[in-house]
Amino acid sequence: MPATLEDYVAEARSTGRVANLPTQSHIAGKSIPTNSDKHTDAIEIFDPGRGEVFAQVCSAGEEEVEQAVAAARNAFRNSSRSSSRSSWGDSAPAERATILFRAANLLEQEAARFAVVECLDAGKTLAQAQGDIASCINTLRFYAGATDKVFGNTVPLGKDYIAFTMLEPVGVSLHITPWNYPLVTLLRGVAPALAAGCCVICKPAEQTPLSALMLADLLTRAGLPHGACNVVVGTGEGAGAMLARHAGIDHITFTGSVETGKLVLHAAAESVTHTTMELGGKSPVVVLADCDQAAALEGALYAIFENAGQICSAGSRLVIEKSIHEPFLERLVERAKSLSFGHGLRNPHIGAIATREQRDKIERYIKDAQNRGLVPCVGGNAATDPETRKGWFFEPTVLDKLDARDPIVQEEIFGPVLAVQVAEDAQEAFALADDTRYGLYAGIYTQNIDRALGLARDLQVGQVTINEYFAGGIALPFGGNRLSGFGREKGLEGLANYCSVKSVAAKIS
Ligand code: NAP
């Protein structure tokens with residue numbers, strides 16, 4: 001009998017581990033023992049809910065980077081014109097669909113194990129981790145169904161010509177991802193890339209590489225040709241930087257901070273590599289006086305405290321009309337006080353902060369704010385799991401009546417910290433909402449459809465949700481403007497990243 005979710009949770013709670021976790025980079029269909037003479041470094045993987053090591057992986061270096069690029073290039077175009085076996089780049093869309101659907105089914109069967117691993121690796125609550133895996137299954141199915149819907153156009157050049165465009169896979173894509181949604185973020189790039197016929201190299205965050213390695217193994221078992229999906233586990237400055245500047249890479253999908261994104265853009269420039277940049281955010285939840293306040297309250301809490309605020313599109317600013325500010329804030333603070341936090345396996349409202357460095361960074365932001373004379377209405381402290389006194393946590397925190405130029409308003413903190421800005425009226429609320437250098441996401445709560453759509457039209461962000469923060473799913477494109485990056489993932493736009501347009505024109509005599 002396959003192990004159930006309860007079995008995995010019980011094992012993880014009693015031993016602090018999950019058995020048989022991968023330990024090495026996955027290249028050309030198998031785990032690659034790292035050349036120990038040259039790369040003795042092991043990367044320790046921490047369970048942030050306990051602040052203790054629960055796994056170890058070998059850190060890859062130049063040799064593994066070269067192997068991964070060679071494997072991906074070979075899988076993309078392994079056949080000479082005379083060969084009978086087609087490469088992944090030349091495979092039929094139906095074949096790619098079959099393998100991706102099979103992978104979705106396998107992930108569904110193995111969802112419990114993936115969820116518990118994600119829970120330990122990234123500090124997530126079990127419910128959040130289960131939601132992540134469900135969304136990954138949807139992603140695989142969405143792009144499996146899209147493999148044969150990659151259409152070109154006919155182009156009218158006049159009656160003496162037949163002209164059309166055809167879409168071809170761009171080649172080998174590199175996926176560099178952060179630690180907050182390890183599998184979700186990876187798959188929203190890897191699934192469309194594979195669907196388009198690209199071969200991929202993944203460089204997951206060194207703190208959370210386990211689900212990426214498990215995914216590569218799962219894809220191999222689903223029938224993906226060896227080399228079509230490779231995972232290089234290593235540091236950002238090491239393996240990540242080497243891959244980003246490698247001439248064998250045709251497209252880079254980078255998700256992470258603005259600072260690292262700039263480094264990757266510089267590296268990509270060396271080979272003129274096309275990039276998609278998914279960077280940070282400082283997104284507003286705009287609450288107008290005419291809204292359904294109960295829905296807005298729950299929406300605002302969800303927007304900032306889901307995944308302990310470690311979401312690029314977190315609603316980290318509440319922009320609220322003055323006439324409802326005081327009673328709304330009172331209820332918000334009460335609800336924030338009632339939220340439990342602790343180890344994700346116990347399924348509290350809020351899980352851990354994924355790394356100690358990140359927890360310390362959040363703490364520094366709050367200490368600096370306190371030094372400027374600001375006092376949190378609730379929270380404000382780094383914490384441990386109340387049951388075990390271990391782990392890296394941060395109390396749900398709210399700072400009220402902030403000036404538009406305050407660092408808490410302007411800078412991405414990436415934790416459970418809500419900045420409240422009070423607006424005289426709807427017009428000022430709109431102006432405040434747009435007043436950061438980021439442009440990722442915005443939510444609005446109002447019953448006035450003109451105002452809602454007016455905000456959707458005017459804000460310089462990639463997506464707007466009305467009366468439900470985080471509304472959407474894999475079919476809805478996602479991405480940012482300004483410092484939040486460029487390009488779109490998810491939806492059919494996400495597939496376009498991995499397709500190159502070729503124009504063909506024929507003169508008819
Ligand atoms: P990060 O430090 O920028 O790291 C992201 C990835 O880049 C990691 O895999 C990292 O590897 C790698 N990396 C580091 N230096 C590199 C280099 N010189 N060359 C190539 N790769 C390099 O980001 P993070 O702190 O992990 O994640 C938090 C950030 O991600 C936040 O700013 C958040 O907003 C952003 N994010 C954006 C989105 C979005 O869709 N817009 C989604 C999620 C997160 P190592 O881990 O080994 O250092």
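For Tyr441 (side chain) and Lys282 (main-chain N/O), no donor-acceptor pair under 3.5 Å exists by modelled atom type. Side-chain atoms of Asp385 do not come within 3.5 Å of backbone N or O of Gly391 as any donor-acceptor pair. No donor-acceptor distance shorter than 3.5 angstrom exists from the side chain of Asp47 to the backbone of Glu52, with no hydrogens or angles considered. For Thr275 (side chain) and Met277 (main-chain N/O), no donor-acceptor pair under 3.5 Å exists by modelled atom type. Of the possible donor and acceptor atoms, none in the side chain of Thr255 sits under 3.5 Å from a partner among the backbone N and O of Glu278.
In this structure Glu334 satisfies the side-chain contact (heavy atoms from CB on, under 4.5 Å) test together with Lys337, sequence neighbours excluded. Residues forming a salt bridge (Lys or Arg N to Asp or Glu O under 4.0 Å) with Asp132 (at least two apart in sequence, or on another chain): Lys124. A search for side-chain contact (heavy atoms from CB on, under 4.5 Å) contacts involving Arg437 returns Leu483, not counting sequence neighbours. Evaluation of the side-chain hydrogen bond (donor to acceptor under 3.5 Å, both in side chains) rule for Thr235 yields no partner, not counting sequence neighbours. For Asn381, the side-chain hydrogen bond (donor to acceptor under 3.5 Å, both in side chains) test picks out Glu395, with sequence neighbours left out. Here Glu11 pairs with nothing under the side-chain hydrogen bond (donor to acceptor under 3.5 Å, both in side chains) rule; sequence neighbours left out.
Side chains of Thr4 and Asp7: a donor on one and an acceptor on the other come within 3.5 Å. A donor-acceptor pair shorter than 3.5 Å can be found between the side chains of His251 and Thr253. A donor-acceptor pair shorter than 3.5 Å cannot be found between the side chains of His325 and Ser323.
At a threshold of 4.5 Å between non-hydrogen side-chain atoms, the residues Arg364 and Lys367 do not count as touching. For the pair Leu440/Val461, no side-chain contact is recorded, criterion being any heavy-atom separation below 4.5 Å from C-beta on. Counting heavy atoms from C-beta outward, Phe254 and Leu279 have side chains that approach closer than 4.5 Å. The closest side-chain heavy-atom distance from Glu298 to Arg335 is below 4.5 Å. Between Leu126 and Val116 there is a side-chain heavy-atom pair separated by less than 4.5 Å. Side-chain atoms of Lys401 and Gln421, non-hydrogen and from C-beta on, never get closer than 4.5 Å to each other. Counting only heavy atoms from C-beta outward, the side chains of Ile350 and Thr125 never approach each other to under 4.5 Å. Here the side chains of Phe328 and Ile320 are in contact, with some heavy-atom distance below 4.5 Å.
For residues 369-389, no residue pair satisfies the ring pair (Phe, Tyr, Trp, His ring centres under 6.0 Å) rule, not counting sequence neighbours. For residues 395-429, the ring pair (Phe, Tyr, Trp, His ring centres under 6.0 Å) pairs, not counting sequence neighbours, are Trp179-Phe414. For residues 423-432, the set of pairs meeting the side chain to side chain donor-acceptor pair (under 3.5 Å) definition, not counting sequence neighbours, comprises Lys322-Glu424.
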Inset, instruction - Could you check Glu411 against Tyr365 for side chain to side chain contact (heavy atoms under 4.5 Å, CB included), going step by step and ending with a plain yes or no? - result: CA-CA 9 Å; Glu411 294 171 25; Tyr365 265 105; 2.6 Å; yes
Inset, instruction - Could you please spell out the steps behind the ring-ring contact (aromatic ring centres under 6.0 Å, His included) verdict for His175 and Tyr498? - result: CA-CA 12 Å; His175 303 260; Tyr498 305 102; 5.7 Å; yes
Show which side-chain atoms of residues 201-211 pair as donor or acceptor with protein atoms under 3.5 Å away, not counting sequence neighbours.
unit_1	atom_1	unit_2	atom_2	d
Lys203	NZ	Gly234	O	3.0
Ser211	OG	Glu118	OE1	2.9
Ser211	OG	Glu118	OE2	3.3

All N/O donor-acceptor pairs, side-chain side in residues 183-196, below 3.5 Å, sequence neighbours left out:
unit_1	atom_1	unit_2	atom_2	d
Thr185	OG1	Tyr181	O	2.9
Arg188	NE	Glu489	OE1	3.0
Arg188	NH2	Glu489	OE1	3.4

Would you be so kind as to tabulate the donor-acceptor pairs closer than 3.5 Å made by side chains of residues 468-477, with sequence neighbours excluded?
unit_1	atom_1	unit_2	atom_2	d
Tyr469	OH	Ser313	O	2.7
Tyr469	OH	Gly315	N	3.3

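Rounding to the nearest 0.5 Å places CD1 of Ile413 at 5.5 Å from CD1 of Ile366. Atom CG of Asn105 sits about 9.0 Å away from atom CD1 of Ile137, to the nearest 0.5 Å. The SG atom of Cys136 lies 8.0 Å from the CG atom of Leu215; values are rounded to the nearest 0.5 Å. Between the CG atom of Leu107 and the CG atom of Leu219 there is a distance of 9.0 Å, given to the nearest 0.5 Å.
Counted within 6.0 Å of CZ on Arg346, heavy atoms from surrounding residues, nucleotides or ligands total more than 12; the atom is thus considered enclosed. Surrounding CD of Gln370 are more than 12 heavy atoms belonging to other residues, nucleotides or ligands, all under 6.0 Å away.
Screening Val378, Leu418, Val287 for a side chain to side chain contact (heavy atoms under 4.5 Å, CB included) with Leu332, the sole residue that qualifies is Leu418.
Here the shortest heavy-atom pairing between Val170 and Asn497 reads CG1-O, 4.1 Å. Cys377 approaches Asp400 most closely through the heavy-atom pair SG-CB, 3.6 Å.
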